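Everything numeric here is computed off the predicted structure, so don't read it as measured data.
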Amino acid sequence: MGLYHCEGIVLRTRNIGEADRIVTLFTKEKGKIEAVARGARRPRNRLVGVTQHFSYLRALIFTGKSLDQLSQGELIKSFAPLRADLTKMAYATWWSELLDVFLPLAEVNTEVFLFALAGLVVLEKTTDPMLVSRAFELRLLRYLGYEPVLDRCVHCQETNPPFWAGFAPTEGGMLCSVCAKEAGEKLIPVRPAAVQALTGLYQADLRAVARQPVDLALGQELGRLLFAFIQNRAEKPFKSLSFLQSLLAWPPSEGS
Ligand SMILES: [Zn+2]
């Protein structure tokens with residue numbers, strides 16, 4: 001049995017037993033961890049506030065034989081506005097699920113932690129998070145080593161082919177028309193302007209993206225490409241994404 005302090009963001013909670021809650025925390029010091037918060041579903045319990053979705057807390061963790069225990073928690077930032085606004089909550093839940101699905105347990109990743117934290121701060125203040133979310137998704141993919149190939153044909157490596165056929169989610173990149181014929185894969189059509197916008201979003205600071213006017217059609221076009229790619233990489237659909245898309249009255253696309 002040991003004891004350690006850490007700072008973390010609540011990515012997910014699930015109920016266990018009569019009054020307990022298991023929290024998945026993305027911590028700065030230990031990466032993603034799971035800990036049980038005993039009594040956290042009792043209204044007057046001191047762990048109620050710190051185990052809310054997206055809460056950023058300083059935690060004291062007991063390491064147990066099977067499951068660690070959240071012994072104490074002190075709120076650093078509640079991110080309450082992310083729970084008060086349905087759209088923001090849907091985005092924050094989608095980001096949390098992304099982090100939860102792609103981060104392995106107990107692997108320290110300070111860079112991604114700081115990025116996620118900064119992202120939530122921006123999300124809290126943004127009126128329309130669509131493009132901020134596209135930038136977040138892209139940058140997260142890059143941090144995790146799943147970057148989609150956008151600057152060249154993923155097959156023949158040609159950077160300037162006469163025609164682009166589209167984005168191949170299973171290949172993780174753009175295909176030129178010649179390679180697309182050979183591959184015979186189902187492609188997502190992407191305008192060159194959208195590819196350019198994507199490469200721009202890679203570089204951009206999230207705060208700067210938040211200040212840009214949101215181009216709805218572009219945000220959706222980029223989303224179709226990224227969501228197909230992400231769900232292909234994760235080998236599963238994301239519940240939070242279907243919710244987000246239904247909330248935004250996302251037009252149905254082929255295959256989704
Ligand atoms: Zn090619």
Side-chain angles (χ1 to χ4, degrees), residues 7-13 23-28 31-32 49-58 73 75-103 109-144 146-147 197-198 200-227 229-231 234 238-250:
E7 274 181 26
I9 303 162
V10 176
L11 294 183
R12 189 159 77 104
T13 65
V23 286
T24 305
L25 286 174
F26 182 20
T27 72
K28 193 160 133 191
K32 187 177 83 173
V50 293
T51 53
Q52 303 267 332
H53 213 170
F54 325 123
S55 288
Y56 174 33
L57 68 147
R58 195 169 287 112
L75 214 51
I76 301 175
K77 189 167 170 54
S78 78
F79 283 115
L82 295 180
R83 292 187 299 273
D85 177 302
L86 191 59
T87 307
K88 285 184 184 181
M89 189 185 72
Y91 274 106
T93 308
W94 157 236
W95 291 9
S96 300
E97 194 179 356
L98 272 177
L99 289 162
D100 188 26
V101 166
F102 284 113
L103 293 171
N109 203 330
T110 317
E111 206 179 14
V112 177
F113 173 83
L114 294 174
F115 170 69
L117 186 60
L120 291 176
V121 171
V122 174
L123 182 58
E124 198 180 46
K125 296 192 182 120
T126 311
T127 33
D128 186 342
M130 186 178 276
L131 285 180
V132 172
S133 190
R134 290 309 87 84
F136 182 89
E137 292 145 16
L138 264 173
R139 297 268 295 278
L140 184 63
L141 287 170
R142 173 175 277 186
Y143 279 128
L144 297 168
Y146 294 125
E147 192 174 333
L198 272 179
L201 285 179
Y202 261 136
Q203 266 88 45
D205 185 294
L206 292 183
R207 284 166 299 183
V209 179
R211 286 193 294 268
Q212 286 172 23
V214 169
D215 178 337
L216 188 69
L218 178 71
Q220 291 183 340
E221 186 175 3
L222 303 183
R224 268 192 282 279
L225 182 160
L226 287 171
F227 300 162
F229 176 65
I230 288 168
Q231 297 189 96
F238 283 64
K239 267 187 269 167
S240 56
L241 183 59
S242 335
F243 177 70
L244 178 67
Q245 288 181 299
S246 62
L247 187 70
L248 301 175
W250 197 275

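- Nearest heavy atoms, G49 versus L75: O-CD1, 4.1 Å.
- For the atom pair L131 CG and D215 CG, the distance stands at 7.0 Å (nearest 0.5 Å).
- Counting only N and O atoms by type, the side chains of S133 and E137 include a donor and acceptor under 3.5 Å apart.
- Taking Q231 as the reference, F227, P237, F238, L241 meet the side-chain contact (heavy atoms from CB on, under 4.5 Å) condition, with sequence neighbours excluded.
- For CZ of R142, the number of neighbouring non-hydrogen atoms (other residues, nucleotides, ligands) closer than 6.0 Å is greater than 12.
- Under the 4.5 Å side-chain criterion, counting only non-hydrogen atoms from C-beta, T51 is not in contact with L57.
- Atom CE in M89 sits 12.0 Å away from atom CG in L123 (nearest 0.5 Å).
- A pairwise comparison of heavy atoms in G119 and L206 identifies CA-CD1, 3.7 Å as the closest pair.
- Heavy atoms from other residues, nucleotides or ligands lying under 6.0 Å from NZ of K77 number more than 12.
- A cation-pi geometry, defined here as NZ or CZ lying under 6.0 Å from the six-membered ring centre and within 45° of its normal, does not hold between K88 and Y91.
- Rounding to the nearest 0.5 Å places CZ of R211 at 7.5 Å from CG of D205.
- Taking 4.5 Å as the limit, some side-chain heavy atom of F243 sits within range of a side-chain heavy atom of L86.
- Minimum interatomic distance between T126 and V132 (heavy atoms only, all atoms of both residues): CG2-CG2, 4.0 Å.
- Not counting sequence neighbours, the partners of L216 by the side-chain contact (heavy atoms from CB on, under 4.5 Å) test are M130, Q220.
- Taking CD of E221 as the reference point, atom CZ of R134 lies at 11.5 Å (rounded to 0.5 Å).
- Between D128 atom CG and L248 atom CG the span is 8.0 Å, to the nearest 0.5 Å.
- In plain terms, the two heavy atoms of H53 and V10 that are nearest each other are CD2-O, 3.6 Å.
- Closest approach of F136 and A116 over heavy atoms only: CE1-CA, 4.1 Å.
- Here OG1 of T24 is found 11.0 Å from CG of L103. Values are rounded to the nearest 0.5 Å.
- Side-chain contact between I9 and F113 is present, with at least one heavy-atom pair separated by less than 4.5 Å.
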Can you list the steps and then say if F229 with L141 is a side chain to side chain contact (heavy atoms under 4.5 Å, CB included)?
CA-CA 10 Å; F229 176 65; L141 287 170; 3.8 Å; yes
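- Contact of the F54 side chain with the T93 side chain is registered, since non-hydrogen atoms from C-beta on lie closer than 4.5 Å.
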Could you walk me through whether Y146 and F102 pass ring pair (Phe, Tyr, Trp, His ring centres under 6.0 Å), step by step?
CA-CA 10 Å; Y146 294 125; F102 284 113; 5.2 Å; yes
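- Between V209 and V122, every side-chain heavy-atom pair lies at or beyond the 4.5 Å cut-off.
- Remark: the backbone N or O of A118 is not paired with any side-chain donor or acceptor of R207 at under 3.5 angstrom.
- Here the closest non-hydrogen pair linking D100 and K32 is O-NZ, 2.7 Å.
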